[in-house]
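These notes concern the structure reproduced below.
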2 protein chains.
Amino acid sequence: MTMSNTGGRRKPPTIHDVAREAGVSRGTVSRVLNGGHYVSPTAHEAVNAAIRKTGYVVNRHARSLITGRSDSIGFLLTEPQERFFEDPNFNVLLRGCTQALAAHDIPLLLMLAGTEDERRRITRYITAGHVDGVLLVSSHSGDPVAQELCEAGVPLVACGKPIGLGSKVSYVAAADRDGARDMVRHLLSLGRRRIAVVTGPLDTPGGVERLAGYREVLAEEGIEYDERLVVSGDYSRASGEAGAERLLAQAPDLDAVFVASDLMAQGVLTALERAGRGVPGDVSVGGFDDSSAALAARPQLTTIRQPYDRISAEMVRVLLAQIGGEDPAAVILPTELIKRGSA
Amino acid sequence: MTMSNTGGRRKPPTIHDVAREAGVSRGTVSRVLNGGHYVSPTAHEAVNAAIRKTGYVVNRHARSLITGRSDSIGFLLTEPQERFFEDPNFNVLLRGCTQALAAHDIPLLLMLAGTEDERRRITRYITAGHVDGVLLVSSHSGDPVAQELCEAGVPLVACGKPIGLGSKVSYVAAADRDGARDMVRHLLSLGRRRIAVVTGPLDTPGGVERLAGYREVLAEEGIEYDERLVVSGDYSRASGEAGAERLLAQAPDLDAVFVASDLMAQGVLTALERAGRGVPGDVSVGGFDDSSAALAARPQLTTIRQPYDRISAEMVRVLLAQIGGEDPAAVILPTELIKRGSA
DNA sequence: TTCTCTACTGTGAACGCTCACAGACAGCAT
DNA sequence: ATGCTGTCTGTGAGCGTTCACAGTAGAGAA
């Protein structure tokens, strides 16, 4: 492990230096670097020794220039970072994607583009070919970044169906509507009839679809839709708490709350406790996500599990396929009702 | 804004296409792209028009190949991501760095390298020249990544003085020891004499230095050092709570706690409340950081403010200077005692 | 005029790599 | 002998850019 380069910052060794050191040609070194096919054991060994001796690392710019690939993937976040960091789901998703890509030896770059200015910079960076594809984690409609990247022909996979974008963009999503239906039916099965709902933002697919599932089941069961039982949050804990306050004021007779995220559900629990309503005695509370917040809550949340491990794995699979030339695809994954103490 | 490239994914336009379209040479286009000096107004206009018409974006791989720069900076995190996401300080730091770099139009790439495997991948990625420099946010000693990057000659600036690394690595840090001294003196000025301490991990500079400041002041005041008054945490809220439990068991007569981070201090408050000790009546609690946790706590925390905005600005400044060829530098920034309700 | 200076422009080299191709050599059948 | 495989190797070209250099034209000074 003799580094000939310690101390002064000399220019790093090139493939040529390695070739000379090993007594072979550039081509042979390149072949060793890319899988080692059609290389004799002798040459293979000599090249590896030369690489160790010179401390060579391939210049990825040169490689990318000719291959057109960068062998890295971007994890793009177009929302303010607070949102991201507070939400345990994002965490799980990020880790899942990192792991799935690790199997392909591809590094994941996290890019935050919360401000308009940042969005411009990052978009330019991406369209300039610095990553081969983008995993997009932002669900707000009318996201100009997604639009732009799509038009620039950058392979893109969104988490959750992007609203307002054409059908040519890939996405992976949980079956939000079905999940919501399961939860509402579960609450009904407990004898609840005045079921309130705290939705997500209505410009996100999760916000829209989960509310739709709620309304569908109510309609099917002949229960009248009462808009006093419906408020919207922004997936944050605080907004759940505030939402529950409003619900208690508008519809004090509620006997259940279906909350569109576990984090918001935590806030709802706080508000209910303060109001002296027992859970699950007086009010049943159902969450959504099955994130770590569901287990941290007291009582633990009955919730709809989103298969985040599968979601991230699928996102990576679809993205790599698209980079490989396949057409965009949409993947919908089933959810599951998890019964715990809150309902 | 006519994109000649919509639909089929043709190969993107090169600088050559732009030159032909504008009726000038490659050189002139390149000059326009890089500041526009020594270019006639006529040519300048023609090139800009051609760029718009062709939808040209510079191929950064080609540029990087010859300039040796990538015009991007990495924000490297070598700890498990949970730690990072829970701590509000990191958030502030990240945003500060992003903003400081935005002034130079440089995108920031967040790289998570929590596992051994990821560390290898990311190190290779960095040493291959994909970023011009690295902002390192990990303070644990013996971090092999920092060592490796340093040896590879990658410009690097750490947040907090890296333990166990040579003096040739740049860092920006708050005056931890002075801050701790200020806090302990403040607690003494309130008449407290049995001052306990919850330190950070003792393989981090913050952990070591803040404890050192505590011991110094005690020694100066002729107060005996009692190791029952000292426990260590890992900067997490939970570890603060657990630490306080241990302290209460070992030294029930404590009348103040100096906690090495606000997040841990929140945990300490929880434990004290459960034990029926009033804050600040029975026990004074001092934090460290002045993070958002200090304001969120009840009572609000008296704490030592770390100037995170200046820290991030300095990190970026030092890193860019180093990339520009300057020698590594160490910057120590002063802290400030912020008095609130807890002490 | 002629010379110098400045503003501007075009033209080969690189940068370090991969890829396609051609060639060499061995083994085995014809 | 000849041909055909298959494995292995070296070479030249080219990816899209910047940079150094040489050159042109016009303005102003001698």
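Each chain gets a letter, A, B and so on, in the order the sequences are listed, and its residues count up from 1.
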_Comparing R31(B) and V29(A) on DNA chain C - which has the more 5′ nearest nucleotide_ =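 Result of the comparison: R31(B).
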_First of A43(B) and A62(B) reached from the 5' end of DNA chain C, by closest nucleotide_ =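 Nearer the 5' end of the strand: A43(B).
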*Quick one: closest heavy-atom pair of L156(B) and C150(B), and the distance?*
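It is CD2-SG, 3.8 Å.
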*Within residues 38-78 of chain B or reaching into it, pairs that qualify as ring-ring contact (aromatic ring centres under 6.0 Å, His included) - sequence neighbours excluded*: H130(A)-H61(B)
Can you tell me how far [atom2] of [N] sits from [atom1] of [X], to the nearest Å?
| X | N | atom1 | atom2 | answer |
| --- | --- | --- | --- | --- |
| L33(B) | dG16(D) | CG | P | 15 Å |
| H16(A) | dA14(C) | NE2 | P | 13 Å |
| I66(A) | dC19(C) | CD1 | P | 7 Å |
| N59(B) | dG16(D) | CG | P | 7 Å |
| R69(B) | dC19(D) | CZ | C1' | 12 Å |
| H61(B) | dG14(D) | NE2 | P | 21 Å |
| R26(A) | dG12(D) | CZ | P | 9 Å |
| E45(B) | dC8(C) | CD | P | 15 Å |

Does OP1 or OP2 of [N] have a side-chain N or O of [X] closer than 4.0 Å?
| X | N | value |
| --- | --- | --- |
| T28(A) | dG10(D) | yes |
| S25(B) | dG10(C) | yes |
| S30(A) | dC19(C) | no |
| T14(A) | dC15(C) | no |

*In chain order, what residues pass the side-chain contact (heavy atoms from CB on, under 4.5 Å) check against R317(B), with sequence neighbours excluded?*
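Testing R317(B) for side-chain contact (heavy atoms from CB on, under 4.5 Å), a comparison that skips the adjacent residues, returns E314(B), V331(B).
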Given [options], the nucleotide with the shortest approach to the side chain of [X]:
| X | options | value |
| --- | --- | --- |
| V24(A) | dT18(C), dG10(D), dT18(D) | dG10(D) |
| Y38(B) | dT18(C), dT9(C), dT17(D) | dT9(C) |
| N34(A) | dG16(C), dG10(C), dT18(C) | dT18(C) |
| I15(A) | dC17(C), dT17(D), dG16(C) | dC17(C) |
| L65(A) | dC17(C), dT9(C), dG16(D) | dG16(D) |
| T67(A) | dC17(C), dT9(D), dC19(C) | dC19(C) |

*Output the distance between atom CG (L93(A)) and atom CG (N89(A)), rounded to the nearest 0.5 Å.*
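Rounded to the nearest 0.5 Å, the CG-CG separation comes out at 8.0 Å.
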_Under 4.0 Å between a side-chain nitrogen and a carboxylate oxygen: does that hold for R124(B) and E118(B)?_
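Salt bridge: no.
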*Does the dG16(D) base have a donor-acceptor partner in the side chain of R60(B) within less than 3.5 Å?*
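In this structure, the two groups form no donor-acceptor pair.
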_Assess the residue pair C159(A) and V172(A) against the criterion (side-chain contact (heavy atoms from CB on, under 4.5 Å)); give the C-alpha distance rounded to whole Å, side-chain angles, the decisive distance to 0.1 Å, and a yes or no._
CA-CA 5 Å; C159(A) 177; V172(A) 176; over 6 Å; no
